[in-house]
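Heads up, the thing below is written out as structure tokens.
Because only heavy atoms are used, hydrogens play no part in the values below, and waters and symmetry mates are left out as well, while side chains stay in.
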Amino acid sequence: MAGMALNPIQILKSQAEEERGETARLSSFVGAIAIGDLIKSTLGPKGMDKILQSSNPAHENIQVTNDGATILKSIGVDNPAAKVLVDISKVQDDEVGDGTTSVTVLACELLKEAEKLIAQKIHPQTVIAGFRRATDVARAALQDASIDHGSEPEKFREDLMNIARTTLGSKILTQYKEHFSKLSVEAVLRLKGSTSLDAIQIIKIPGGGLVDSYLDEGFLLQKKPGVNQPKRVENARILIANTAMDADKIKVFGSRVRVDSVAKVAELELAEKEKMKEKVQRILKHNINVFINRQLIYNYPEQLFADAGVMAIEHADFEGVERLALVTGGEIVSTFDSPDLVKLGRCDLIEEVMIGEEKLLHFSGVPLGEACTVVLRGATQQILDEAERSLHDSLCVLSQTVKETKTIFGGGSSEMLMAHVVFQLAQKTPGKEAIAMEAFGRALTQLPTIIADNAGYDSSQLVSELRAAHADGKKTFGIDMETGQIGDMQQLGITESLKVKRAVLLSAAEAAEMILRVDDVIKAAPRQRAPDHPH
């Protein structure tokens with residue numbers, strides 16, 4: 001009987017693992033902090049890039065990036081707490097477009113501070129309570145310090161230019177940030193307050209330099225018209241379709257036909273051809289002069305369209321077709337029996353243009369006035385991909401700022417401002433929560449420290465100067481990354497969107513809180529494969 005009592009009772013299945021209490025918390029902290037340390041060096045205007053190489057030998061693609069969300073999306077993470085950090089950076093990217101590195105680094109710094117407190121035997125719930133109060137005052141301080149020029153178009157445009165410069169300042173486009181800031185502000189102001197970026201198309205064409213990129217009004221499609229078809233169409237009436245136009249030949253591999261002579265096969269082909277001819281006639285009844293299809297168009301229907309003087313474009317990829325329908329005001333159709341019900345797309349002129357070595361179709365005078373295309377040029381595919389990611393971040397932030405017009409100063413000034421308010425609250429608060437608040441303030445102070453470290457400046461000197469300036473009431477002071485000294489961000493024009501900063505603060509605090517609450521990690525047993533039954 002006594003021997004039985006010594007055997008531990010196993011509740012979980014064999015091979016399932018459980019980590020409890022301290023061990024669980026430690027593994028969470030270690031995983032999350034490792035992610036933060038990995039991405040820390042990409043923060044700020046002088047942040048470094050990472051090369052991401054895929055392990056799949058078939059797709060040997062290499063990405064060079066310093067965009068937090070892209071880096072975290074591409075690395076496979078096994079630690080559950082690290083996955084939480086990857087998710088918050090993804091949400092930050094979807095929600096506001098920028099601040100993906102900041103949010104991960106801030107969450108990581110909060111966890112580092114929390115780890116020290118828990119080592120001093122302060123209960124995680126006390127730490128969370130302190131963090132919550134600190135988050136509330138920091139958020140209120142951000143709101144109070146924000147500036148709103150939404151009612152003054154001139155000043156607001158300048159704000160948008162500053163935000164674009166600040167956002168692009170930490171990306172690959174930093175040498176040409178004037179050029180690209182102008183380009184992204186113009187593109188976003190065309191949207192007239194909408195946050196949907198569908199009307200802005202980005203086309204990447206290798207060759208030239210980044211400075212050769214430009215904004216084009218209208219829409220570009222990377223396709224060519226068929227043989228002997230008009231290369232230029234004025235007052236275009238466009239039918240956008242998603243239908244099979246390749247049925248005029250019998251596909252030898254796809255069908256089994258039993259015939260007693262080859263002549264019968266020819267008859268079958270003829271019947272198919274007639275069917276195709278009838279389909280083309282039905283399409284032409286829509287009174288169109290441009291036909292754009294998502295699928296293939298074979299030689300015979302292409303020839304019929306050419307005879308009718310219609311420009312037919314095949315294989316316009318799905319995104320292209322969707323955007324084209326949006327921009328030209330048409331609908332995507334699959335059946336052609338009732339021409340009067342079909343909404344055709346329209347535009348003033350379609351012509352073939354050459355950019356670099358590529359031929360593209362240019363649609364100008366489209367009904368959706370917001371539509372525009374950014375043509376990116378660059379030396380290599382990696383540079384183009386990174387330029388597209390940078391521009392996308394900038395466009396996202398600007399479109400969000402047009403919706404919520406409040407702005408705040410960058411360069412570490414807003415973090416220092418929040419930290420200052422949090423430290424003040426901690427001094428007035430009795431009890432252990434005050435220690436957690438101080439820790440929150442220290443974590444916020446880490447962001448300017450890391451930004452300065454990445455540039456090779458003396459961070460402890462700069463951050464202590466910055467803290468003194470904020471204590472002196474100079475709330476707009478931050479780190480001037482050009483000179484390596486503290487300066488007035490208002491004069492330097494280093495502006496960020498309030499929405500981005502607020503999202504960084506709230507997401508990081510919530511993620512840190514969630515990881516702090518964990519005291520048990522249970523891993524399920526791997527699923528056993530059932531043995532294959534022989535037939």
Electrostatic pair Glu351-Lys231, nearest N-O below 4.0 angstrom: no
Audit row: Leu52, Ile62, side chain to side chain contact (heavy atoms under 4.5 Å, CB included) steps and yes/no: CA-CA 6 Å; Leu52 308 171; Ile62 292 174; over 6 Å; no
Whether Thr373 side chain and Gly218 backbone form a donor-acceptor pair below 3.5 Å: yes
Atom CE of Met354 with >12 non-hydrogen neighbours under 6.0 angstrom: yes
Separation of Ser413 OG from Lys501 NZ (nearest 0.5 Å): 8.0 Å
Pairwise distance CG(Leu349) to CG(Asn235) - rounded to 0.5 angstrom: 9.0 Å
Close side-chain approach of Leu398 and Leu189, heavy atoms under 4.5 Å: no
Close side-chain approach of Phe291 to Met311, heavy-atom, < 4.5 Å: no
Residue pair Asn293 / His315, side-chain donor-acceptor N/O under 3.5 Å: no
Aromatic Phe477 / basic Lys474 pairing, under 6.0 angstrom, 45° off normal: yes
Other residues, nucleotides, ligands: >12 heavy atoms within 6.0 Å of Lys475 NZ: no
From CA spacing to verdict: side-chain hydrogen bond (donor to acceptor under 3.5 Å, both in side chains), Glu386, Thr65: CA-CA 6 Å; Glu386 178 64 356; Thr65 180; 2.9 Å; yes
Thr135 and Leu506: CA distance, side-chain angles, deciding distance, side chain to side chain contact (heavy atoms under 4.5 Å, CB included) verdict: CA-CA 7 Å; Thr135 310; Leu506 300 180; 3.7 Å; yes
Distance, nearest 0.5 Å, that separates CD of Glu482 from CG of Leu492: 9.0 Å
Heavy-atom side-chain proximity of Leu417 to Phe409 below 4.5 angstrom: no
Side-chain donor/acceptor of Glu109 to backbone N/O of Gly36, under 3.5 Å: no
Sub-4.5 Å side-chain heavy-atom contact between Leu160 and Val402: yes
Arg190 bridged to Glu217 by N-O distance under 4.0 Å: yes
Test item: side-chain donor near acceptor, Ser390 and Asp393, under 3.5 Å: no
Check: Ile71 and Thr42 side chains under 4.5 Å, non-hydrogen atoms: yes
Greater than 12 external heavy atoms within 6.0 Å of Asn228's CG: no
Side-chain donor-acceptor contact under 3.5 Å, Thr476 with Asp488: yes
Worked verdict on Thr407 versus His149 for side chain to side chain contact (heavy atoms under 4.5 Å, CB included): CA-CA 8 Å; Thr407 58; His149 285 151; 5.7 Å; no
Asn79 side-chain N/O to Ser27 backbone N/O, donor-acceptor pair under 3.5 Å: yes
Reported CG-to-CG distance for the pair Asn66 and Asp49, which is rounded to 0.5 angstrom: 4.5 Å
Verdict with supporting geometry, Asp148 and Thr405, side-chain hydrogen bond (donor to acceptor under 3.5 Å, both in side chains): CA-CA 6 Å; Asp148 193 347; Thr405 51; 2.7 Å; yes
Parallel, tilted or perpendicular, as decided by the 30° and 60° cut-offs, for the rings of His420 and His470: tilted
Pair Lys224 + Glu352, salt bridge at N-O below 4.0 Å: no
Between SG on residue Cys396 and CG on residue Leu197, distance to nearest 0.5 Å: 5.0 Å
Heavy atoms of other groups near Asp144 CG, more than 12 under 6.0 Å: yes
Salt-bridge contact Lys46-Asp453 (side-chain N to carboxylate O under 4.0 Å): no
Sidechain N-carboxylate O distance under 4.0 Å for Lys40, Asp37: yes
For Ile288 against Val310, the heavy-atom pair lying closest together: O-CG2, 3.7 Å
Asp98 to Gln92 - nearest heavy-atom pair and separation: O-NE2, 3.0 Å
Distance-minimising heavy-atom pair for Phe363 and Ile238: CE2-CD1, 4.0 Å
Electrostatic pair Lys204:Asp385 at N-O distance under 4.0 angstrom: yes
Non-hydrogen atoms of Lys50 and Leu38 that approach each other most closely: CE-O, 3.0 Å
Side chain proximity check, Leu43 to Leu447, heavy atoms < 4.5 angstrom: yes
Side-chain donor/acceptor of Ser334 to backbone N/O of Thr243, under 3.5 Å: no
Ser394 OG to Leu183 CG distance, which is reported to the nearest 0.5 Å: 9.0 Å
4.5 Å side-chain heavy-atom contact, Val86 and Lys73: no
Under 3.5 Å donor-acceptor, Glu358 side chain and Ile205 backbone: no
Closest contact, heavy atoms only, Leu72 versus Ser89: CD1-OG, 3.5 Å
Whether Asn289 side chain and Arg237 backbone form a donor-acceptor pair below 3.5 Å: yes
Any donor-acceptor N/O pair, Thr174 side chain to Ser170 backbone, under 3.5 Å: no
Minimum side-chain heavy-atom gap Thr449-Leu462 below 4.5 Å: no
Exercise: identify the closest heavy-atom pair between Cys372 and Leu215: SG-CD1, 3.9 Å
Check: Ser213 side chain, Arg377 main-chain N or O, donor-acceptor pair, under 3.5 Å: yes
Side-chain (Gln229) to main-chain (Ala312) donor-acceptor, under 3.5 angstrom: yes
Salt bridge Arg467-Glu415, side-chain N to carboxylate O under 4.0 Å: no
Candidate pair Val105 and Ile39, rule side chain to side chain contact (heavy atoms under 4.5 Å, CB included), full reasoning: CA-CA 7 Å; Val105 171; Ile39 208 172; 3.9 Å; yes
Between Glu404 and Gln400, a side-chain donor and acceptor under 3.5 Å: no
Side-chain donor or acceptor of Thr401 paired with backbone N/O of Val397 under 3.5 Å: yes
